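These notes are about the structure you will find just below.
By convention here, the first residue in the shown sequence is residue 1. Here the structure is a predicted model, which means the values were calculated and not measured. These values consider heavy atoms only, across backbone and side chains, with no hydrogens, waters or symmetry-generated copies.
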Amino acid sequence: MGTETGKRHFIITGTSKGIGLQLAELLLAKGDYVYGISRGGSDLLESSEEWSGRYRHVQYDLADLNGIDDLITRILDQIPSQEAEFIGLINNAAMLEPLKPIDQCSAAEISQSLNISLAAPMILSSSFIQQTNHLSARRKIVNLSSGSGSYPAPSMAVYCTSKAGMNMFTQCVSLEQTGQQNPVEIIAFDPGMVDTELQAVARGKSAEEFALAGMFNQVYEAGQLRSPRDVAMQLIERMDENSDASHGIHTVES
């Protein structure tokens, strides 16, 4: 691994907007190092002189599963193995669409959504654990979940399935790590309904396209969506706490 000095290092997917962007800004403001991953650039973070070079951005399409091991290797090579006290992986990136009945979803739509929202976080976690097992630093994985992982909804079969899978994956890995010499802490965090681009996509659908579009619009108009920054602040609190296998799924209330 590299020689960059610093105590806490965070790998975050989806840092170009929403919760991922807010997480990166808050952690950087605390003096941490952040390695952001997204399909596009992250101009707000990359152009800021405030972070003193503590933000590194990697443009990568998480639908390309075969390159994820090399991606993690490249990032970990920049982290000082001796000085680092905490290394975190935050699997934030996800894909909401397709929002339509399953018989109207193509194979390409289903596979792309599941690859980005479920398979990629699983491979990222696998590679992260494997490549940091020799370290003494505290390690933690946070998987962004959703109430959709527990509550079925029409026209959301692919998204709900990916989040249900994320919850189960989190609990399985937590059990695997129990009893390890330096176990990786892992939790799933359900942020509730947040004012992000995913919500805007859902609101933009017609009732004919997406049966729940009206509900998403009502929640937005009633001002019931949480801000990405508030969610990011609460997620950081959960990340700082010590976690164990008995409490792997966290919501905004717990």
Look only at the side chain of R8 and the backbone of E85, and say whether a donor-acceptor pair between them is shorter than 3.5 Å. no
Is the shortest side-chain heavy-atom distance between M156 and L99 below 4.5 Å? yes
Spacing of CD belonging to E109 relative to CG belonging to L114, to within rounding of 0.5 Å: 11.5 Å
Is the shortest heavy-atom distance from the side chain of K100 to the side chain of C105 under 4.5 Å? yes
Parallel, tilted or perpendicular: which describes the rings of Y35 and H9, with under 30° parallel and over 60° perpendicular? parallel
Roughly how far, to the nearest 0.5 Å, is the CZ atom of F10 from the CD1 atom of I75? 14.0 Å
Should the pair R138 and F86 be classed as cation-pi, given the thresholds of under 6.0 Å to the six-membered ring centre and 45° from the axis? no
For the student: nearest non-hydrogen atoms of T13 and N92, plus distance: OG1-N, 2.9 Å
Going from CG on L76 to CD on Q131, what distance comes out if it is rounded to the nearest 0.5 angstrom? 5.5 Å
Are any non-hydrogen side-chain atoms of M95 and N115 less than 4.5 angstrom apart? no
Main-chain N/O of S127 paired with D69 side-chain donor or acceptor, under 3.5 Å: no
Considering all heavy atoms, the nearest Q22-A232 contact: CB-CB, 3.8 Å
Mind checking the CE-CG spacing from M239 to L23? Nearest 0.5 Å is all I need. 6.5 Å
Within this structure, what is the CD1-CD1 distance for the pair I236 and I90, rounded to the nearest 0.5 Å? 7.0 Å
Using 0.5 Å steps for rounding, measure from the NZ atom of K140 to the CD1 atom of I187. 4.5 Å
Test item: L89 and S125 side chains (from C-beta on) under 4.5 Å apart, heavy atoms: yes
